Amino acid sequence: MKITNAYVNITSPGRNFVTLKIETDEGIYGLGDGTLNGRELAVASYLTDHVIPCIVGRDPFQTEDIWQYLYRGPYWRRGPVTMAAIGAVDIALWDIKGKALNTPVYNLLGGKSREGVLVYAHANGKDIDHALEDVAKHKEMGYKAIRVQSGFAGSSTYGVAKGPGRYEPAERGLPPEQAWATEPYLRHVPTLFARVREMFGEELHLLHDCHHRLTPIEAGRLGKELEPFHLLWMEDPTPAELQEGFKVIREHTTTPIAVGEVFNSIWDAHDLIRNQWIDYIRTTLVHAGGFTHLKKLADFAELYHVRTGCHGATDLSPVCMAAALHFDTAVHNFGIQEHMPHSDETDAVFPHHYTFKDGQMFPGDAPGLGVDLDEELAAKYPYQRAYLPVNRKLDGTLTDW
Ligand code: EZ4
Ligand code: CO
């Protein structure tokens, strides 16, 4: 089998998505997600201008060799744009393999290690009472694990919807600016989780995302104060370029730690994993070079009791969500999968076989990934510039969003 053609589709059914389609001489095609929130066109150009010309004519079954060619070949390694482009190619090639062999991708990754994939939902509210209502709503929908974020007076925080409707971090146009204050946040979060546990008891898995806004010692304090509420994890407590920062957190709390949604290679997590400073690795397929690389990362993490918790926000397309569910079904050290449902418009552009039932998701048994792209419908939603917000402290200093 040979790759005969490949092209990039950019569509914006509510938000922007970059999809790579790879065609072969046997009529089988594969889809890969290359979406990098706020930097979509850079990945599209990287693919169209620099990657596609190098893969036409190759055997799509050679996923390892093509991955190494695209990683080592350009000399310039890693980085989110490069790794999302490699991810798009790799995901599409595994889709082709599955279709050619007439089997779902999870069977190529080791087969089913479990029947269903535990997912967590997002609940949020402008204050604690509204957040509690949203937790109740998601529990009612069948979720067994819920991430809870809530607003409070005096500054903004991460993960709270502006008005009615679902939370969507990116906004059309140039980056909006938000205000951030650490101290009121640190006082607020333990109160929030005390109320959640009081109302919903111990059975529900609870999670919280700090979104890289704390220093290690501040995260240590928060983790310690959250211990009575038994969180499944505290996510992205501190920026992770300084991996040793997590040692400080670990020295102060037994609240489990998850990190990695912005990582793009195994090296971003190397010290975190081998020193057992984290409990969950959140890197997902599109942003870290696809199945070929993420399987190595998961296998490495398994040696250190670190489980997977793949990123699953709406800025990852249904192609990545399908891919993640095959991955989650197969890897032994799966932990949990983030689930932020896509809009109806997005689901219509990307028809798929994956399903949700009783707090779990299932990749379906269609050959390959079981996801498609309706190109005619996609063409009705052209690219629209959209960026994530930036954060400033109350005195105007730029800080992490
Ligand atoms: O803000 O993916 O856990 N999920 C998250 C996400 C991120 C977005 C950024 O593009 O933190 O919602
Ligand atoms: Co997050």
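In this text, all values refer to a predicted model and were calculated from it rather than measured experimentally. Only this structure's heavy atoms are used, side chains among them; waters, hydrogens and symmetry mates stay out. All ligand and atom numbering here is 1-based and tracks the order in the structure.
Every protein residue with a heavy atom nearer than 4.0 Å to ligand 1 is included here: Asn37, Arg147, Tyr158, Pro169, Asp209, His211, Glu235, Glu261, Arg282, His311, Ala313, Asp315, Glu338, Leu388, Trp401.
Around the Co ion (ligand 2), the protein contributes the following N, O or S atoms at distances under 2.8 Å: Asp209 OD2, Glu235 OE2, Glu261 OE1.
With salt bridges taken as basic N to acidic carboxylate O contacts below 4.0 Å, none links Arg187 and Glu218. With salt bridges taken as basic N to acidic carboxylate O contacts below 4.0 Å, one links Arg78 and Asp268.
For Arg195 and Phe193, the positive end is not near the middle of the six-membered ring at less than 6.0 Å and at most 45° from its axis. With Tyr29 as the aromatic partner, Lys21 meets the cation-pi criteria of under 6.0 angstrom to the ring centre and within 45 degrees of the ring axis. Cation-pi check for Arg213 over Trp180 is met; the charged atom lies under 6.0 angstrom from the ring centroid and within 45 degrees of its normal.
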Applying side-chain contact (heavy atoms from CB on, under 4.5 Å), run through Ile52 and Leu20 and close with a yes or a no.
CA-CA 10 Å; Ile52 292 173; Leu20 176 68; 3.9 Å; yes
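A donor-acceptor pair shorter than 3.5 Å can be found between the side chains of Ser150 and His188. Between the side chains of Glu168 and Thr314, at least one donor N or O sits under 3.5 Å from an acceptor N or O.
Between His138 and Tyr143, the ring planes lie tilted relative to each other; the angle falls in the 30° to 60° range.
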